[in-house]
> 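What follows is a structure written as structure tokens; I'll ask about it next.
Read the numbers this way: they start at 1 and go in the same order the structure lists the ligands and their atoms.
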Amino acid sequence: MKPDTENMQPFGFDILVFDELESTNLFVVENEEMNALPEGTVVWAKRQTAGIGQSGNSWSSEAGKNLTFSIVLRPDFLAVQSQFELHKVLSVAVWNTLHEIMPQRDDIKIKWPNDIYVGTKKICGMLVNNIVAGNNYRLAVAGIGLNVNQTAFDPSLPNPTSLKNLTGDDFELFNILQKLLHNVVLWYDILKNNYLQKINKEYFANMLDFGERKNYRYRNAEIQATITGVDKFGRLQLQTADKQSLVCDIKEVQFII
Ligand code: BTN
């Protein structure tokens with residue numbers, strides 16, 4: 001879906017390109033000390049030597065083949081407690097970009113909380129680092145790792161895929177980055193304008209397993225449940241087969257894919 005473009009004040013992107021960094025998220029956080037990076041700055045590393053994933057995992061990505069970058073955001077219009085809205089916006093922006101590239105596929109899905117899957121395979125992971133001062137946002141570092149031209153992955157990784165694996169084509173990384181940034185600006189602006197309904201509509205319409213009875217691992221037991229939503233703190237809401245309502249954080253629930 002294309003969002004309305006009225007009332008848009010997109011920020012320009014200064015793209016800082018590095019051959020190698022430990023982690024683009026870490027680079028932004030460290031430079032924040034010097035307050036040197038304006039909103040909209042993008043830090044792109046062709047190779048990360050210590051890429052950071054969710055839940056203390058690492059993010060591995062073959063040098064020069066994929067997109068690993070972070071966007072500097074300063075969502076001072078957003079209550080800190082509503083930070084999952086930002087995650088939704090990023091997911092929707094990546095989803096739209098992948099849908100533009102592979103319009104024939106109907107199995108591109110947003111996997112709660114921060115992944116994009118195609119079928120049963122993960123193509124993109126996101127990590128947002130927030131720096132807050134009291135109740136106010138100082139900085140949100142939106143880190144995105146999108147697998148583009150890599151075709152062989154470490155066997156220890158769970159179900160990875162890439163644009164090249166899915167389409168057989170090689171992609172120009174900068175071109176994909178531009179498409180992604182374009183969509184991030186559109187959806188970030190929709191958030192800025194507080195059109196939360198529009199964001200929710202797009203997020204849940206494309207969310208993996210939304211409204212479908214599936215098996216999950218919940219607190220070490222396997223359960224059958226249906227995703228009914230995400231609460232305002234970003235926790236996954238499930239209804240079990242026996243009509244119990246559960247609200248889960250990322251440590252409590254795993255998808256069984
Ligand atoms: C995950 O799925 O575990 C999240 C992966 C996030 C990876 C990106 S790559 C760019 C940015 N820099 C990092 O160190 N991590 C994020």
Side-chain angles (χ1 to χ4, degrees), residues 13-32 37 40-73 83-84 86-95 97-98 108-131 139-150 153-154 156-163 165 171 173-174 176-181 183-184 203 207-208 230 234 236 249-251 253-255 257:
F13 289 105
D14 256 345
I15 304 179
L16 311 179
V17 189
F18 294 85
D19 282 336
E20 183 176 298
L21 283 178
E22 259 180 76
S23 150
T24 55
N25 273 36
L26 190 65
F27 177 88
V28 174
V29 171
E30 283 175 349
N31 278 274
E32 171 64 7
L37 303 171
T41 306
V42 175
V43 176
W44 174 21
K46 302 280 176 73
R47 172 165 185 260
Q48 291 190 125
T49 54
I52 306 166
Q54 285 164 32
S55 312
N57 293 323
S58 57
W59 181 257
S60 82
S61 176
E62 198 178 328
K65 296 253 168 128
N66 304 310
L67 283 171
T68 47
F69 66 99
S70 304
I71 310 169
V72 176
L73 299 173
Q83 52 189 255
F84 197 72
L86 202 55
H87 294 235
K88 284 187 197 157
V89 157
L90 293 172
S91 296
V92 163
V94 175
W95 185 91
T97 306
L98 294 178
I108 307 170
K109 297 286 173 186
I110 297 168
K111 178 172 171 283
W112 178 89
N114 281 322
D115 296 336
I116 306 291
Y117 267 58
V118 184
T120 56
K121 291 177 185 282
K122 176 165 168 171
I123 191 166
C124 177
M126 288 166 261
L127 178 72
V128 181
N129 290 118
N130 295 305
I131 300 186
L139 173 76
V141 186
I144 298 179
L146 175 69
N147 297 331
V148 181
N149 293 323
Q150 183 169 346
F153 292 87
D154 188 315
S156 68
L157 294 174
N159 309 327
T161 193
S162 66
L163 282 173
N165 274 350
F171 291 84
L173 293 179
F174 188 63
I176 307 288
L177 179 63
Q178 280 178 311
K179 287 186 198 299
L180 277 165
L181 296 178
N183 280 311
V184 170
Y203 184 84
M207 184 191 204
L208 182 68
V230 174
L236 190 68
D249 69 28
I250 190 168
K251 289 187 267 339
V253 65
Q254 283 166 317
F255 287 64
I257 291 181

> How are the rings of F84 and Y203 set relative to one another: parallel (under 30°), tilted (30 to 60°) or perpendicular (over 60°)?
perpendicular
> Can you tell me which residue among L146, L173, L181 is in a side-chain contact (heavy atoms from CB on, under 4.5 Å) with F69?
L181
> Can a donor-acceptor pair be found, under 3.5 Å and without considering hydrogens, that links the side chain of D14 to the backbone of T41?
no
> Hey, what do you get for CD1 (I123) to CG (D115), rounding to the nearest 0.5 Å?
12.0 Å
> Check the side chains of S23 and N25 for a donor-acceptor pair under 3.5 angstrom, ignoring hydrogens and angles.
no
> To the nearest 0.5 Å, what is the distance between CD on Q48 and CG on L26?
9.5 Å
> Can you pull the residues with any heavy atom under 4.0 Å from ligand 1?
S23, T24, N25, Q48, G51, I52, G53, Q54, W59, T68, F69, S70, D115, K122, G125, M126, L127, G143, I144, G145
